[in-house]
Amino acid sequence: MPATNSQTTYGTVTKIFHWLTALLVLTVIPLGAIANRLPYETNEQLALKAQLFSFHKTLGVIIFVVALGRILWALTQTKPGGLHPDRKGETMLAELVHWLLYLSLVAVPLTGWIHHAATSGFAPLLLPIGQDLPLVPKSESVSELFASLHWIWSKIMVAAVLLHIAGALKHQIVDKDATLRRMWFGQRETPAVQAHAGSLFAPITAIVIFGLATGAGAAAGLFTHEEGSTGPELAEVASEWTVTDGTLAITVTQLGSAVQGSFGDWTAAISFDPNGTGALGDVTTTVAITSLTLGSVTNQAMGADFFNAETFPTATFQADITAAETDYVADGTLTIKDNTVPVTLPFTLDIADDTATMTGQLALDRRDFGIGQSMNDETNLGFPVIVDINLTATRGAE
């Protein structure tokens with residue numbers, strides 16, 4: 001059996017591409033649907049959900065690569081003519097379905113891949129290629145945009161696959177012709193057919209369908225960023241030093257990978273005299289828990305088993321500031337979910353005139369605060385939580 005196509009049948013390479021793609025697509029679609037519906041309240045449930053999503057994402061990347069190879073191969077090949085060129089409408093519909101398949105086999109896995117690369121955490125790819133993509137930033141807005149496109153365009157893929165299967169069954173059962181046979185392996189006798197006549201109608205219509213579906217998604221608000229619960233508005237605080245810029249970031253280990261996030265809303269009341277003796281000052285920091293962004297696990301982090309943000313919307317750090325041998329220490333307590341734990345925050349401080357730049361890091365154990373109690377080992381979520389603090393404050397600024 002020849003490796004290349006002829007006017008009447010497909011070659012071995014094309015057949016391998018076709019059936020490999022079919023196997024992958026008919027696996028990845030139900031796998032994603034099942035994983036999406038699974039709960040993740042317990043350690044075991046999260047492990048299963050993450051595993052299925054990892055398989056789904058990994059197969060998606062493989063489909064993308066296979067689809068590119070298939071398209072490049074098709075560009076070098078003769079396309080067998082239709083068996084019923086007199087059926088203009090049926091032939092046109094078949095061409096349209098094929099173009100929808102070609103576009104979706106590239107667009108759907110690519111948007112899913114970009115969505116994965118733009119966020120962090122949950123269900124890593126099971127391939128030795130890393131989790132990031134060149135030119136794709138870590139951005140929740142980018143992640144949400146491509147997640148929406150992935151969802152919309154996957155519906156086109158499912159519809160095209162169903163139409164393709166229905167067409168194949170119609171040729172096999174109703175028409176009883178050689179359409180399906182000439183895509184199967186082995187030497188097949190097929191009737192003489194007219195050469196395939198290319199047309200721009202099918203590819204243009206397929207692109208229009210993708211555009212209309214995307215527009216419908218936009219009209220339905222799928223590309224509108226939905227803020228989570230805003231939580232309480234933090235009151236302004238009086239402070240000798242006013243924070244003018246800064247970040248309050250955390251890093252957790254989820255499924256063996258570091259997931260970074262930050263709190264967008266927090267206040268700090270700082271009293272500090274670098275020339276004092278003993279206690280040089282104190283600090284009280286209040287953090288709005290709902291302002292946390294933590295990659296793809298942000299919503300999960302707000303849940304009852306984690307921060308329980310609905311019941312405990314804020315966390316509070318209170319400490320006295322003293323000088324250490326080379327740097328400084330904030331020694332006090334951190335309260336999360338009504339759990340108050342003694343903590344010590346070492347930090348460096350650079351003061352120029354009335355501007356201070358501070359950098360510190362604090363290692364916590366999530367179990368001390370009752371976070372993730374259902375995950376009593378580190379299989380899915382590590383015990384350590386690293387807090388990184390960087391801020392600039394001005395003395396006497398308002």
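Being a predicted model, the structure only gives us computed values, none of them experimental. Values reported hereafter were calculated over all heavy atoms of this structure, with side chains retained and with hydrogens, waters and symmetry mates removed.
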Practice problem: Taking atom CD of Gln45 as the centre, report whether more than 12 heavy atoms of other residues, nucleotides or ligands fall under 6.0 Å from it. | Solution: yes
Practice problem: Mark yes or no: Lys155 above the aromatic ring of Trp151, with NZ or CZ under 6.0 Å from the six-membered ring centre and no more than 45 degrees from the axis. | Solution: yes
Contacts table for residues 158-165: side-chain donor-acceptor under 3.5 angstrom, sequence neighbours left out:
none

Quiz item: Are the side chain of Lys15 and the backbone of Met183 linked by a donor-acceptor contact shorter than 3.5 Å?
Solution: no
Quiz item: Any side-chain donor paired with an acceptor under 3.5 Å for Thr333 and Gln318?
Solution: no
Exercise. Output, in order, the C-alpha distance, side-chain angles, deciding distance and verdict of side-chain contact (heavy atoms from CB on, under 4.5 Å) for Thr359 and Ile389.
Key: CA-CA 6 Å; Thr359 301; Ile389 305 164; over 6 Å; no
Quiz item: Taking atom types as modelled, is there a side-chain donor on Thr348 or Asp327 under 3.5 Å from an acceptor on the other?
Solution: no
Quiz prompt | N/O donor-acceptor pair under 3.5 Å between Asp245 side chain and Thr392 backbone | solution = no
Quiz prompt | Carboxylate-amine/guanidinium proximity below 4.0 Å for Asp353 and Arg395 | solution = no
Quiz prompt | Cation-pi geometry met for Arg70 and Phe17 (6.0 Å, 45°) | solution = no
Quiz item: Among the clusters formed by ILVMFWY side chains lying less than 4.5 Å apart, do Leu294 and Val387 turn up in the same one?
Solution: yes
Quiz item: Is there a donor-acceptor pair closer than 3.5 Å between any side-chain N or O of His171 and the backbone N or O of Thr179?
Solution: no
Practice problem: Determine the interplanar angle of the Tyr102 and Trp99 rings, folded into 0 to 90°, and report it as parallel if under 30°, tilted if 30 to 60°, perpendicular if over 60°. | Solution: perpendicular
Quiz item: Going by atom types only, do Gln131 and Ser257 share a side-chain donor-acceptor pair under 3.5 Å?
Solution: no
Exercise. Decide yes or no on side-chain contact (heavy atoms from CB on, under 4.5 Å) for Ile156 and Leu100, but give the supporting numbers first.
Key: CA-CA 7 Å; Ile156 298 177; Leu100 289 174; 4.0 Å; yes
Quiz prompt | CA sep, side-chain torsions, deciding dist, call: Thr357, Asp350, side-chain hydrogen bond (donor to acceptor under 3.5 Å, both in side chains) | solution = CA-CA 5 Å; Thr357 302; Asp350 181 23; 5.4 Å; no
Quiz item: Will you find, in the side chains of Asn5 and Thr14, an N or O donor that is under 3.5 Å from an N or O acceptor?
Solution: yes
Quiz item: Regarding Asp377 and Asn43, is there a side-chain donor-to-acceptor distance under 3.5 Å anywhere?
Solution: yes
Quiz prompt | Nearest atoms (heavy-atom pairs only) where Gln172 meets Leu180 | solution = OE1-CB, 3.5 Å
Exercise. Would you list the pairs meeting ring pair (Phe, Tyr, Trp, His ring centres under 6.0 Å) in which at least one residue belongs to residues 331-378, sequence neighbours left out?
Key: Tyr328-Phe347
Quiz item: Do NZ/NE/NH1/NH2 and the carboxylate oxygens of Arg87 and Asp175 come within less than 4.0 Å?
Solution: yes
Quiz item: When rounded to the nearest 0.5 angstrom, what is the spacing between OG in Ser104 and CD1 in Ile63?
Solution: 9.5 Å
Self-check item: Check: Gln361/Asp388 side-chain N/O donor and acceptor closer than 3.5 Å
Solution: yes
Self-check item: Ionic contact status for Glu378 with Arg366, cut-off 4.0 Å
Solution: no
